[in-house]
Peer 1: 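Mind looking over this structure? Questions follow.
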Amino acid sequence: MKKSIVIIIVLLVIGLAIMAERRYKPFVDKTACVGCQDCVESCPVKAIMIVEERAEIVDTLCIECMNCVKTCPQQAIRTPK
Ligand code: SF4
Ligand code: SF4
């Protein structure tokens, strides 16, 4: 019984940590992206790639500098509200 409570608490903490980590990560609105690659060039850690003519952000590499958000001419990269 005690063991299962500990496991639930650990899973909750991990879930909250993942949510907190992703909270400010920018995301690409693929309906607005035109594949111009400006964001790719603006990213200091190469966390953005173009896949099928649309930008994709690798969350695990992103350091949340927001260069891409400021750079995108289509305002296709945003942060969660
Ligand atoms: S800068 Fe904007 S429009 Fe250009 S590839 Fe990046 S997300 Fe798409
Ligand atoms: S926020 Fe910065 S590090 Fe993250 S994808 Fe955009 S340019 Fe790259």
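Both counts, for ligands and for their atoms, begin at 1 and track the order of listing.
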Peer 1: Within the 4.0 Å heavy-atom shell around I63, which atoms of ligand 2 are there?
Peer 2: 3 (S), 4 (Fe)
Peer 1: Under a 4.0 angstrom heavy-atom cut-off, which atoms of ligand 1 come close to Q74?
Peer 2: 3 (S)
Peer 1: How many angstroms lie between atom SG of C72 and atom CD1 of I77, to the nearest 0.5 angstrom?
Peer 2: 5.0 Å
Peer 1: What part of V45 sits under 4.0 Å from ligand 2 if we count only heavy atoms: the side chain, the backbone, both or neither?
Peer 2: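 Only the side chain of V45 comes within reach of ligand 2.
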Peer 1: So if I count the atoms of ligand 1 from 1 in the order they appear, which ones are less than 4.0 Å from some heavy atom of G35?
Peer 2: 5 (S), 8 (Fe)
Peer 1: From I50 CD1 over to C39 SG, what is the distance, rounded to the nearest 0.5 angstrom?
Peer 2: 5.0 Å
Peer 1: Checking a contact table here: which protein heavy atom is nearest atom 2 (Fe) of ligand 2, and how many Å away?
Peer 2: C65 SG, 2.3 Å
Peer 1: Determine, using heavy atoms of S42 and all atoms of ligand 1, whether some pair is separated by less than 4.0 Å.
Peer 2: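 Distance cut 4.0 Å: S42 fails for ligand 1.
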Peer 1: Taking only heavy atoms of I77, which atoms of ligand 1 are found under 4.0 Å from at least one of them?
Peer 2: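 The atoms of ligand 1 under 4.0 Å from a heavy atom of I77 are 7 (S).
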Peer 1: If only atom types and distance count, is the side chain of K30 paired as donor or acceptor with the main-chain N or O of R54 below 3.5 Å?
Peer 2: no
Peer 1: So if I count the atoms of ligand 1 from 1 in the order they appear, which ones are less than 4.0 Å from some heavy atom of C72?
Peer 2: 1 (S), 2 (Fe), 3 (S), 7 (S)
Peer 1: Could you give the distance from SG (C33) to CD (E56), rounded to the nearest 0.5 Å?
Peer 2: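 The distance works out to 10.0 Å.
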Peer 1: Ligand 2 versus I48, non-hydrogen atoms closer than 4.0 Å: side chain, backbone, both, neither?
Peer 2: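 I48 to ligand 2: side-chain contact only, backbone stays beyond 4.0 Å.
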Peer 1: What is the nearest protein non-hydrogen atom to atom 4 (Fe) of ligand 1, stated with its residue, atom name and distance?
Peer 2: C36 SG, 2.2 Å
Peer 1: Tell me the contacting part of Q37 for ligand 1: side chain, backbone, both, or neither, using a 4.0 Å heavy-atom threshold, strictly below.
Peer 2: backbone
Peer 1: Is C43 close enough to atom 8 (Fe) of ligand 2 that one of its N, O or S atoms comes in under 2.8 Å?
Peer 2: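 Coordinating: yes.
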Peer 1: Among all protein heavy atoms, pick the one closest to atom 8 (Fe) of ligand 1 and tell me residue, atom and distance.
Peer 2: C33 SG, 2.3 Å
Peer 1: Nearest protein heavy-atom contact for atom 6 (Fe) of ligand 2: which residue, which atom, what distance?
Peer 2: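 So the nearest neighbour among protein heavy atoms is C68 SG, 2.3 Å.
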Peer 1: Counting from 1, what ligand 2 atoms have a heavy atom of M66 closer than 4.0 Å?
Peer 2: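 Every atom of ligand 2 under 4.0 Å from some heavy atom of M66: 1 (S), 2 (Fe).
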Peer 1: With no hydrogens and no angle check, is any side-chain donor or acceptor of D29 less than 3.5 Å from a backbone partner on A76?
Peer 2: no
Peer 1: Within the 4.0 Å heavy-atom shell around P26, which atoms of ligand 2 are there?
Peer 2: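 Result: 1 (S).
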Peer 1: Where's the contact between V34 and ligand 1, heavy-atom distance under 4.0 Å: side chain, backbone, both or neither?
Peer 2: both
Peer 1: Go through ligand 1 atom by atom and flag the ones less than 4.0 Å from a non-hydrogen atom of C39.
Peer 2: 1 (S), 5 (S), 6 (Fe), 7 (S)
Peer 1: Testing the basics here: between T79 and F27, what is the closest heavy-atom pair and its distance to 0.1 Å?
Peer 2: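 Nearest heavy atoms, T79 then F27: C-CE2, 3.8 Å.
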Peer 1: Can you list the atoms of ligand 1 that are under 4.0 Å from a heavy atom of P73?
Peer 2: 1 (S)
